[in-house]
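Everything numeric in this text was worked out from a predicted model, so none of it was measured. For this chain, numbers begin at 1 and follow the sequence in order.
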Amino acid sequence: MKSFRFFLVFFVLMVIAKAGFAQDPVDAQSLTKEAVQLNKGGKYSEAVDKYTQALKLDPENIYANYGMAFSLLASERGKEGIPYLQKVINSNSSITIWAYDLLGSIYDKEHDSAKAIEAFKAGLKLDPKYQSIYYNLGLVYFRDRNYAGAEKCAIESMKLDPKHASTQRMYALVCFHQNKRANALLGLCSFILLEPNTTRTTEAYGNITHILQGGILRPPAGTPVLMVDANSIALNNAITKAIADANKKKYSTPADQLTAQLTNIFTAIGQLADKQNADPAFRKYFADYFYQLAQSPDMPAFARMLNPGNAESAKWISDHPQNMNDLDEWVKTTERSF
């Protein structure tokens with residue numbers, strides 16, 4: 001998973017291109033505008049040259065300083081961008097929060113997690129509702145094997161941007177690493193709803209299969225074994241029982257069996273999570289949502305969209321366009337909340 005989001009930064013740079021020019025000397029305007037377009041085309045080294053020229057004309061220009069730091073990071077010269085971001089941070093301007101986000105990403109790429117965390121936390125202190133920083137901070141925690149910290153960041157990121165697929169994926173993976181199989185399973189299913197038919201979807205389906213087969217992620221050698229809380233143990237056991245109950249019957253295809261397994265699991269998790277009065281983010285956003293899906297007629301379509309690369313699933317999807325449309329409509333009209 002990338003430590004910073006190029007699409008977001010390109011958006012920032014385009015804002016810079018429009019917002020900053022009215023204040024700059026005319027020559028610096030032109031150079032900065034050219035640099036933004038070069039970044040957009042992936043010509044980062046050339047953009048660095050343009051920003052260098054612009055900053056000779058206007059050394060304190062915060063937009064050019066920010067753009068220079070981004071271009072250097074994209075050119076694998078991230079550390080050189082730190083002084084430019086410090087200028088932006090010291091300016092206490094409207095783009096200071098962007099500078100903290102980019103600074104944290106630079107330190108993360110340099111494998112300096114302590115300074116990355118410090119930068120991201122400073123940014124959140126400035127703006128506690130900046131979604132990108134929660135996501136990027138979660139990635140640092142994930143790589144540091146601070147899975148509980150990463151889970152908290154993922155939840156805050158989801159609250160601010162429920163349609164950010166990478167956050168849903170991170171949530172699922174960090175829960176999987178904590179052997180919170182119910183959280184991981186629903187997180188993976190939610191991720192695939194947001195991002196179907198990609199390489200990451202195939203990987204997510206592999207993890208779903210692993211969970212359904214009773215698999216857990218073993219901690220790396222030398223890592224302390226994480227203690228699983230009582231609620232998670234009960235939910236894990238509920239998955240095992242739901243699968244065993246589904247497997248008592250015979251099915252025409254593996255997809256039909258998966259439909260039955262997931263229907264049982266979603267129902268069991270939804271009912272149990274409600275009794276446990278579990279973490280609201282899990283109980284309301286995930287457990288209740290997929291419980292509703294299990295009660296709908298759309299489970300056969302959902303089970304097949306999880307693994308569209310399977311020949312039987314692909315044929316079923318092709319032969320049942322209305323069922324797939326009904327699933328899409330269910331997703332669009334069913335509310336989710338935290």
Inset, instruction - Decide whether Gln53 and Asp49 meet the rule of one side-chain donor and one side-chain acceptor closer than 3.5 Å. - result: no
Inset, instruction - Would you tell me whether Asp326 and Gln322 have side-chain atoms, one donor and one acceptor, within less than 3.5 Å of each other? - result: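 A donor-acceptor contact under 3.5 Å links the two side chains.
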Rounded to the nearest 0.5 Å, what's the gap from [atom1] on [X] to [atom2] on [Y]? Could you check?
X	Y	atom1	atom2	value
Met324	Glu329	CE	CD	13.5 Å
Leu262	Ile269	CG	CD1	9.5 Å
Leu85	Tyr100	CG	OH	11.0 Å
Asp298	Gln292	CG	CD	12.0 Å
Phe70	Ile106	CZ	CD1	10.5 Å
Cys189	Leu293	SG	CG	8.5 Å

Please give me the minimum heavy-atom distance between [X] and [Y], naming the atom from each residue.
X	Y	value
Ala238	Leu272	CB-CD2, 4.0 Å
Tyr44	Ser75	CB-OG, 3.1 Å
Thr167	Ala154	CG2-O, 3.2 Å
Leu124	Tyr130	CD2-O, 4.0 Å
Gln168	Pro162	NE2-O, 3.0 Å
Ala150	Met170	O-CE, 4.4 Å

Is there a donor-acceptor contact under 3.5 Å from the side chain of [X] to the main chain of [Y]?
X	Y	result
Asn264	Ala242	yes
Ser313	Gly309	no
Gln276	Asn231	yes
Arg181	Ile211	yes
Asp144	Asn146	no
Ser318	Ala314	no
Tyr66	Thr96	no
Glu203	Thr199	no
Asn325	His320	no
Ser157	Cys153	no

Legend entry - Pairs touching residues 235-257 that satisfy ring-ring contact (aromatic ring centres under 6.0 Å, His included), sequence neighbours left out: none
Legend entry - Close aromatic pair by centroid cut-off 6.0 Å: Tyr171 and Phe286: yes
Inset, instruction - Just do the side chain to side chain contact (heavy atoms under 4.5 Å, CB included) check on Ile155 and Tyr134 with the steps written out, would you? - result: CA-CA 9 Å; Ile155 290 170; Tyr134 280 112; over 6 Å; no
Legend entry - OH/Tyr285: more than 12 non-hydrogen atoms of other groups inside 6.0 Å: yes
Legend entry - Over 12 non-hydrogen atoms of neighbours within 6.0 angstrom of CD in Glu118: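 No - once you tally the heavy atoms of other residues, nucleotides and ligands closer than 6.0 Å, there are 12 at most.
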Are any non-hydrogen side-chain atoms of [X] and [Y] less than 4.5 angstrom apart?
X	Y	answer
Phe191	Arg200	yes
Arg304	Leu327	no
Pro300	Asn323	no
Tyr147	Asn179	no
Tyr51	Val36	yes
Thr52	Val48	yes
Ser296	Phe302	no
Glu46	Glu34	no

For [Y], is there an ion pair with [X] - N to carboxylate O distance below 4.0 angstrom?
X	Y	value
Lys159	Glu156	yes
Asp328	Lys332	no
Glu110	Lys115	no
Lys180	Glu151	yes
Lys250	Asp256	no

Can [Y] be reached from [X] by stepping across I, L, V, M, F, W or Y side chains whose heavy atoms are under 4.5 Å apart?
X	Y	answer
Leu193	Tyr291	no
Met68	Leu38	no
Leu194	Leu306	no

Inset, instruction - Begin with the C-alpha distance, continue with both residues' side-chain angles, and end with the deciding distance and a verdict on side chain to side chain contact (heavy atoms under 4.5 Å, CB included) for Leu72 and Ile82. - result: CA-CA 9 Å; Leu72 287 167; Ile82 293 173; over 6 Å; no
Legend entry - Residues that Ser232 engages under side-chain hydrogen bond (donor to acceptor under 3.5 Å, both in side chains), provided they are two or more places apart: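 Checked Ser232 against side-chain hydrogen bond (donor to acceptor under 3.5 Å, both in side chains); matches are Asp229.
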Inset, instruction - Give me the ring orientation class for Phe266 and Phe290: parallel if the planes are under 30° apart, tilted from 30 to 60°, perpendicular past 60°. - result: tilted
Inset, instruction - May I ask you to decide if the ring planes of Trp330 and Tyr289 are parallel, tilted or perpendicular, using 30° and 60° as cut-offs? - result: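 Rings of Trp330 and Tyr289: tilted, 30 to 60°.
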Inset, instruction - Hey, could you give me each pair passing salt bridge (Lys or Arg N to Asp or Glu O under 4.0 Å) that has a residue in residues 67-93? Not counting sequence neighbours. - result: Glu60-Lys87, Glu76-Lys109, Arg77-Glu80
Inset, instruction - Check step by step if side chain to side chain contact (heavy atoms under 4.5 Å, CB included) holds for Asn65 and Gln86. - result: CA-CA 9 Å; Asn65 276 286; Gln86 290 296 346; over 6 Å; no
Inset, instruction - May I have the step-by-step check of side chain to side chain contact (heavy atoms under 4.5 Å, CB included) for Val88 and Leu102, ending in yes or no? - result: CA-CA 11 Å; Val88 180; Leu102 193 57; over 6 Å; no
